[in-house]
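Take a look at the structure set out below.
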Amino acid sequence: MVAYENLVMASQGDSVWITLNRPERRNALSWELLRELQKALTEVAGSPAVGVVLAANGPVFSAGHDFSDVLAQDAKGIRELLHLCTDVMRLLQSAPQVVVARVQGLATAAGCQLVASCDLAVAGESAGFALPGGKGGWFCHTPAVPVARSIGRKRLMEMALTGDVIGSRTALEWGLVNRVVPDGELDEAVEELLARASRGSAASKALGKRTLYSQLDRPESDAYEIACEVMADSSQTPAAREGIASFLEKRPPVWPE
(Lines give C-alpha, C1' and ligand atoms only; values in the text may rest on other atoms or scores of the structure.)
Protein backbone atom coordinates (compact mmCIF):
# COMPACT_ATOMS: atom_id res chain seq x y z
CA MET A 1 0.00 0.00 0.00
CA VAL A 2 1.02 3.62 -0.54
CA ALA A 3 2.87 5.33 2.33
CA TYR A 4 1.28 8.52 3.63
CA GLU A 5 2.55 11.36 5.80
CA ASN A 6 -0.66 12.24 7.66
CA LEU A 7 -2.37 8.89 7.95
CA VAL A 8 -1.54 5.21 8.33
CA MET A 9 -3.10 2.64 6.02
CA ALA A 10 -2.81 -1.05 6.86
CA SER A 11 -4.55 -4.30 5.99
CA GLN A 12 -6.08 -6.38 8.76
CA GLY A 13 -7.42 -9.61 7.32
CA ASP A 14 -9.81 -8.76 4.51
CA SER A 15 -10.32 -5.20 5.76
CA VAL A 16 -8.29 -1.99 5.60
CA TRP A 17 -7.72 0.37 8.53
CA ILE A 18 -7.16 4.02 7.65
CA THR A 19 -5.88 5.91 10.69
CA LEU A 20 -5.62 9.69 10.91
CA ASN A 21 -2.12 10.40 12.19
CA ARG A 22 -1.73 14.06 13.14
CA PRO A 23 -2.19 13.70 16.91
CA GLU A 24 -0.07 16.78 17.60
CA ARG A 25 -2.66 18.82 15.64
CA ARG A 26 -5.66 16.94 17.07
CA ASN A 27 -6.00 15.24 13.68
CA ALA A 28 -7.20 18.49 12.15
CA LEU A 29 -8.24 18.06 8.50
CA SER A 30 -5.56 20.03 6.70
CA TRP A 31 -5.35 20.28 2.92
CA GLU A 32 -2.67 17.59 2.97
CA LEU A 33 -4.60 15.20 5.21
CA LEU A 34 -7.77 15.58 3.16
CA ARG A 35 -5.89 14.94 -0.09
CA GLU A 36 -4.29 11.84 1.40
CA LEU A 37 -7.63 10.63 2.73
CA GLN A 38 -9.16 11.19 -0.71
CA LYS A 39 -6.37 9.15 -2.30
CA ALA A 40 -6.54 6.38 0.29
CA LEU A 41 -10.31 5.96 0.02
CA THR A 42 -10.08 5.88 -3.77
CA GLU A 43 -7.37 3.22 -3.55
CA VAL A 44 -9.38 1.07 -1.14
CA ALA A 45 -12.57 1.41 -3.19
CA GLY A 46 -10.79 -0.31 -6.10
CA SER A 47 -9.33 -3.06 -3.93
CA PRO A 48 -10.72 -6.49 -2.97
CA ALA A 49 -11.11 -5.40 0.67
CA VAL A 50 -14.58 -6.02 2.11
CA GLY A 51 -14.44 -3.50 4.95
CA VAL A 52 -12.83 -0.22 5.98
CA VAL A 53 -12.20 1.15 9.47
CA LEU A 54 -11.63 4.89 9.85
CA ALA A 55 -9.66 5.44 13.04
CA ALA A 56 -7.36 8.07 14.59
CA ASN A 57 -4.21 8.17 16.70
CA GLY A 58 -4.00 10.26 19.84
CA PRO A 59 -6.60 11.47 22.36
CA VAL A 60 -8.77 13.28 19.75
CA PHE A 61 -10.50 11.64 16.79
CA SER A 62 -10.54 14.88 14.79
CA ALA A 63 -10.96 18.54 15.65
CA GLY A 64 -12.28 19.37 12.18
CA HIS A 65 -10.74 21.79 9.71
CA ASP A 66 -7.23 23.08 10.39
CA PHE A 67 -7.81 26.77 11.18
CA SER A 68 -4.28 27.69 10.12
CA ASP A 69 -5.32 26.62 6.60
CA VAL A 70 -8.61 28.48 6.85
CA LEU A 71 -7.13 31.81 7.89
CA ALA A 72 -4.66 31.68 4.99
CA GLN A 73 -7.41 31.41 2.34
CA ASP A 74 -9.82 33.78 0.66
CA ALA A 75 -13.41 32.75 -0.11
CA LYS A 76 -12.34 31.01 -3.34
CA GLY A 77 -9.72 28.98 -1.47
CA ILE A 78 -12.17 28.05 1.29
CA ARG A 79 -14.69 26.95 -1.34
CA GLU A 80 -12.07 24.64 -2.86
CA LEU A 81 -11.19 23.29 0.60
CA LEU A 82 -14.85 22.57 1.36
CA HIS A 83 -15.35 20.88 -2.00
CA LEU A 84 -12.34 18.64 -1.28
CA CYS A 85 -13.75 17.82 2.15
CA THR A 86 -17.17 17.08 0.64
CA ASP A 87 -15.56 14.74 -1.90
CA VAL A 88 -13.94 12.81 0.97
CA MET A 89 -17.29 12.51 2.76
CA ARG A 90 -18.94 11.24 -0.40
CA LEU A 91 -16.15 8.72 -0.96
CA LEU A 92 -16.92 7.19 2.43
CA GLN A 93 -20.45 6.52 1.21
CA SER A 94 -19.72 5.65 -2.43
CA ALA A 95 -17.00 3.11 -1.57
CA PRO A 96 -18.34 -0.41 -2.14
CA GLN A 97 -17.00 -1.55 1.22
CA VAL A 98 -18.68 -1.19 4.60
CA VAL A 99 -17.02 1.76 6.39
CA VAL A 100 -16.95 1.86 10.21
CA ALA A 101 -15.76 4.86 12.23
CA ARG A 102 -13.73 3.97 15.33
CA VAL A 103 -14.14 6.99 17.63
CA GLN A 104 -11.80 7.13 20.61
CA GLY A 105 -12.04 10.81 21.61
CA LEU A 106 -13.57 14.12 20.62
CA ALA A 107 -14.98 14.42 17.09
CA THR A 108 -15.86 18.04 16.43
CA ALA A 109 -17.01 20.07 13.41
CA ALA A 110 -15.72 18.32 10.25
CA GLY A 111 -14.47 15.53 12.54
CA CYS A 112 -18.06 14.91 13.58
CA GLN A 113 -18.96 15.14 9.89
CA LEU A 114 -16.53 12.27 9.21
CA VAL A 115 -18.26 10.07 11.78
CA ALA A 116 -21.73 10.89 10.45
CA SER A 117 -20.61 10.16 6.88
CA CYS A 118 -19.41 6.63 7.67
CA ASP A 119 -21.86 3.75 7.27
CA LEU A 120 -21.48 2.69 10.90
CA ALA A 121 -19.77 4.06 13.99
CA VAL A 122 -18.51 2.60 17.26
CA ALA A 123 -17.48 4.97 20.06
CA GLY A 124 -15.52 4.53 23.24
CA GLU A 125 -17.18 5.74 26.42
CA SER A 126 -14.86 8.77 26.58
CA ALA A 127 -15.79 9.95 23.07
CA GLY A 128 -17.63 13.22 22.52
CA PHE A 129 -19.21 14.96 19.56
CA ALA A 130 -19.84 18.61 18.76
CA LEU A 131 -20.64 21.16 16.07
CA PRO A 132 -18.86 24.03 17.88
CA GLY A 133 -19.43 26.70 15.24
CA GLY A 134 -22.70 27.59 16.96
CA LYS A 135 -20.82 29.25 19.81
CA GLY A 136 -18.11 30.71 17.62
CA GLY A 137 -17.87 32.87 14.53
CA TRP A 138 -17.91 30.27 11.75
CA PHE A 139 -21.06 28.17 11.78
CA CYS A 140 -20.80 24.43 11.02
CA HIS A 141 -22.84 24.53 7.81
CA THR A 142 -21.25 21.60 5.95
CA PRO A 143 -20.70 19.33 8.98
CA ALA A 144 -24.42 19.70 9.73
CA VAL A 145 -25.41 18.05 6.43
CA PRO A 146 -24.69 14.38 7.31
CA VAL A 147 -25.30 14.95 11.03
CA ALA A 148 -28.85 16.09 10.23
CA ARG A 149 -29.43 12.89 8.29
CA SER A 150 -28.31 10.84 11.28
CA ILE A 151 -30.05 12.48 14.25
CA GLY A 152 -33.03 14.49 12.98
CA ARG A 153 -33.96 18.17 13.01
CA LYS A 154 -34.45 19.07 16.68
CA ARG A 155 -31.33 17.29 17.88
CA LEU A 156 -29.32 18.78 15.02
CA MET A 157 -30.54 22.24 16.01
CA GLU A 158 -29.43 21.66 19.59
CA MET A 159 -25.97 20.55 18.50
CA ALA A 160 -25.57 23.26 15.84
CA LEU A 161 -26.95 26.20 17.82
CA THR A 162 -25.38 25.49 21.23
CA GLY A 163 -22.07 24.11 19.97
CA ASP A 164 -21.93 21.99 23.11
CA VAL A 165 -20.31 18.55 23.27
CA ILE A 166 -22.62 15.57 23.60
CA GLY A 167 -21.27 12.44 25.25
CA SER A 168 -21.07 9.01 23.69
CA ARG A 169 -24.24 7.75 25.39
CA THR A 170 -26.24 10.70 24.08
CA ALA A 171 -24.74 10.16 20.62
CA LEU A 172 -25.93 6.54 20.82
CA GLU A 173 -29.42 7.55 21.92
CA TRP A 174 -29.63 10.15 19.13
CA GLY A 175 -28.44 7.76 16.41
CA LEU A 176 -25.06 9.30 15.63
CA VAL A 177 -23.24 6.06 16.57
CA ASN A 178 -24.24 2.38 16.61
CA ARG A 179 -22.37 1.18 19.69
CA VAL A 180 -20.72 2.58 22.80
CA VAL A 181 -18.21 0.36 24.60
CA PRO A 182 -15.51 0.76 27.25
CA ASP A 183 -12.46 2.41 25.70
CA GLY A 184 -10.38 -0.74 26.12
CA GLU A 185 -12.89 -2.80 24.13
CA LEU A 186 -13.13 -0.46 21.16
CA ASP A 187 -11.06 -2.46 18.67
CA GLU A 188 -12.87 -5.69 19.48
CA ALA A 189 -16.28 -4.04 19.10
CA VAL A 190 -15.31 -2.44 15.77
CA GLU A 191 -14.04 -5.75 14.39
CA GLU A 192 -17.15 -7.62 15.56
CA LEU A 193 -19.58 -5.15 13.98
CA LEU A 194 -17.58 -4.95 10.75
CA ALA A 195 -17.44 -8.75 10.48
CA ARG A 196 -21.21 -9.00 10.75
CA ALA A 197 -21.88 -6.07 8.42
CA SER A 198 -19.51 -7.28 5.69
CA ARG A 199 -20.51 -10.95 5.50
CA GLY A 200 -22.32 -12.27 2.44
CA SER A 201 -21.86 -11.34 -1.21
CA ALA A 202 -19.53 -8.37 -1.61
CA ALA A 203 -21.11 -7.42 -4.94
CA SER A 204 -24.62 -7.52 -3.50
CA LYS A 205 -23.51 -5.52 -0.47
CA ALA A 206 -21.93 -2.81 -2.66
CA LEU A 207 -25.12 -2.46 -4.70
CA GLY A 208 -27.21 -2.44 -1.54
CA LYS A 209 -25.15 0.32 0.03
CA ARG A 210 -25.27 2.43 -3.13
CA THR A 211 -29.05 2.03 -3.40
CA LEU A 212 -29.67 2.82 0.25
CA TYR A 213 -27.84 6.12 -0.05
CA SER A 214 -29.62 6.98 -3.30
CA GLN A 215 -33.08 6.60 -1.77
CA LEU A 216 -32.47 8.06 1.69
CA ASP A 217 -34.32 11.35 2.29
CA ARG A 218 -36.38 10.97 -0.89
CA PRO A 219 -40.18 10.88 -0.81
CA GLU A 220 -41.45 7.39 -0.09
CA SER A 221 -42.86 6.93 -3.60
CA ASP A 222 -39.51 7.85 -5.18
CA ALA A 223 -37.64 5.61 -2.75
CA TYR A 224 -39.85 2.65 -3.60
CA GLU A 225 -39.42 3.27 -7.33
CA ILE A 226 -35.63 3.25 -6.99
CA ALA A 227 -35.62 0.21 -4.71
CA CYS A 228 -38.03 -1.82 -6.88
CA GLU A 229 -35.99 -1.25 -10.04
CA VAL A 230 -32.69 -2.15 -8.43
CA MET A 231 -34.11 -5.16 -6.61
CA ALA A 232 -35.72 -6.53 -9.78
CA ASP A 233 -32.53 -6.14 -11.82
CA SER A 234 -30.28 -7.50 -9.08
CA SER A 235 -32.44 -10.63 -8.69
CA GLN A 236 -30.78 -11.92 -11.85
CA THR A 237 -27.19 -11.46 -10.66
CA PRO A 238 -25.02 -14.50 -9.88
CA ALA A 239 -24.86 -13.49 -6.22
CA ALA A 240 -28.64 -13.30 -5.86
CA ARG A 241 -29.20 -16.59 -7.69
CA GLU A 242 -26.62 -18.34 -5.52
CA GLY A 243 -28.00 -16.84 -2.30
CA ILE A 244 -31.55 -17.97 -3.10
CA ALA A 245 -30.47 -21.40 -4.35
CA SER A 246 -28.32 -22.07 -1.28
CA PHE A 247 -31.25 -21.13 0.99
CA LEU A 248 -33.63 -23.48 -0.82
CA GLU A 249 -31.04 -26.25 -0.91
CA LYS A 250 -30.13 -25.72 2.75
CA ARG A 251 -26.39 -25.41 2.10
CA PRO A 252 -23.74 -22.73 2.67
CA PRO A 253 -23.53 -20.25 -0.22
CA VAL A 254 -20.51 -20.12 -2.51
CA TRP A 255 -20.29 -16.52 -3.65
CA PRO A 256 -19.28 -16.13 -7.30
CA GLU A 257 -17.03 -13.14 -6.66
Side-chain angles (χ1 to χ4, degrees), residues 41 45 50-52 54 82-83 85-101 103 107 110 112-123 129 131 134 139-162 166 168-180 193-248 253 255 257:
L41 290 169
V50 300
V52 179
L54 183 64
L82 294 174
H83 285 166
C85 186
T86 299
D87 183 58
V88 168
M89 304 300 165
R90 287 176 171 165
L91 281 169
L92 291 167
Q93 297 183 346
S94 65
Q97 294 88 0
V98 177
V99 182
V100 182
V103 190
C112 188
Q113 184 182 5
L114 273 178
V115 176
S117 297
C118 290
D119 303 321
L120 304 167
V122 180
F129 306 85
L131 299 177
F139 203 82
C140 289
H141 299 283
T142 51
V145 173
V147 174
R149 286 155 175 76
S150 296
I151 67 174
R153 182 180 300 181
K154 295 299 185 186
R155 288 163 173 170
L156 168 74
M157 285 299 200
E158 182 173 341
M159 287 191 72
L161 296 175
T162 68
I166 63 169
S168 59
R169 292 292 172 185
T170 299
L172 177 64
E173 178 188 346
W174 287 8
L176 188 57
V177 301
N178 299 85
R179 302 278 189 282
V180 172
L193 179 58
L194 181 58
R196 290 192 296 110
S198 60
R199 64 193 170 191
S201 163
S204 176
K205 188 89 64 180
L207 178 61
K209 175 178 167 177
R210 187 165 66 247
T211 305
L212 286 173
Y213 280 119
S214 71
Q215 60 95 350
L216 282 173
D217 304 311
R218 301 239 188 156
E220 187 178 85
S221 60
D222 293 351
Y224 268 124
E225 184 174 349
I226 291 168
C228 284
E229 286 302 310
V230 173
M231 198 160 189
D233 290 343
S234 65
S235 70
Q236 305 306 303
T237 63
R241 307 297 286 185
E242 170 61 12
I244 294 168
S246 64
F247 175 80
L248 292 173
W255 303 117
E257 63 264 10

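Count residues from 1 along the sequence. Only heavy atoms go into these numbers, but all of them, side chains included; no hydrogens, no water, no symmetry mates.
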Going through the distances and angles, do Q97 and S198 end up as a side chain to side chain contact (heavy atoms under 4.5 Å, CB included)? CA-CA 8 Å; Q97 294 88 0; S198 60; over 6 Å; no
How many angstroms lie between atom [atom1] of [X] and atom [atom2] of [Y], to the nearest 0.5 angstrom?
X: L212; Y: K209; atom1: CG; atom2: NZ; result: 10.0 Å
X: R90; Y: L41; atom1: CZ; atom2: CG; result: 14.5 Å
X: Q113; Y: H141; atom1: CD; atom2: NE2; result: 12.5 Å
X: L207; Y: S214; atom1: CG; atom2: OG; result: 9.0 Å

For residues 219-231, please give each side-chain donor-acceptor pair under 3.5 Å, one per line with the distance, not counting sequence neighbours.
none

Which pair of heavy atoms, one from [X] and one from [Y], lies closest together, and at what distance?
X: C118; Y: L54; value: SG-CD2, 4.0 Å
X: N178; Y: L120; value: OD1-CA, 3.3 Å
X: R199; Y: K205; value: O-NZ, 2.9 Å
X: A239; Y: W255; value: O-CZ3, 3.4 Å
X: V115; Y: A107; value: CG2-CB, 4.0 Å
X: A240; Y: S235; value: CB-O, 3.7 Å

Enumerate donor-acceptor pairs with a distance under 3.5 Å from any side-chain N or O in residues 147-161 to protein atoms, sequence neighbours excluded.
residue : atom : partner : partner atom : Å
R149    : NE   : D217    : OD2          : 3.3
R149    : NH1  : V145    : O            : 3.0
S150    : OG   : P146    : O            : 3.2

When you compare the side chain of S117 with that of Q93, does any pair of heavy atoms fall below 4.5 Å?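 Answer yes - side chains close enough.
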Is the shortest heavy-atom distance from the side chain of C112 to the side chain of L176 under 4.5 Å? yes
Kindly indicate, with the supporting measurements, whether the criterion side chain to side chain contact (heavy atoms under 4.5 Å, CB included) is fulfilled by D119 and V52. CA-CA 10 Å; D119 303 321; V52 179; over 6 Å; no
Can you establish whether the number of heavy atoms outside R196 located under 6.0 Å from its atom CZ is more than 12?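 Yes.
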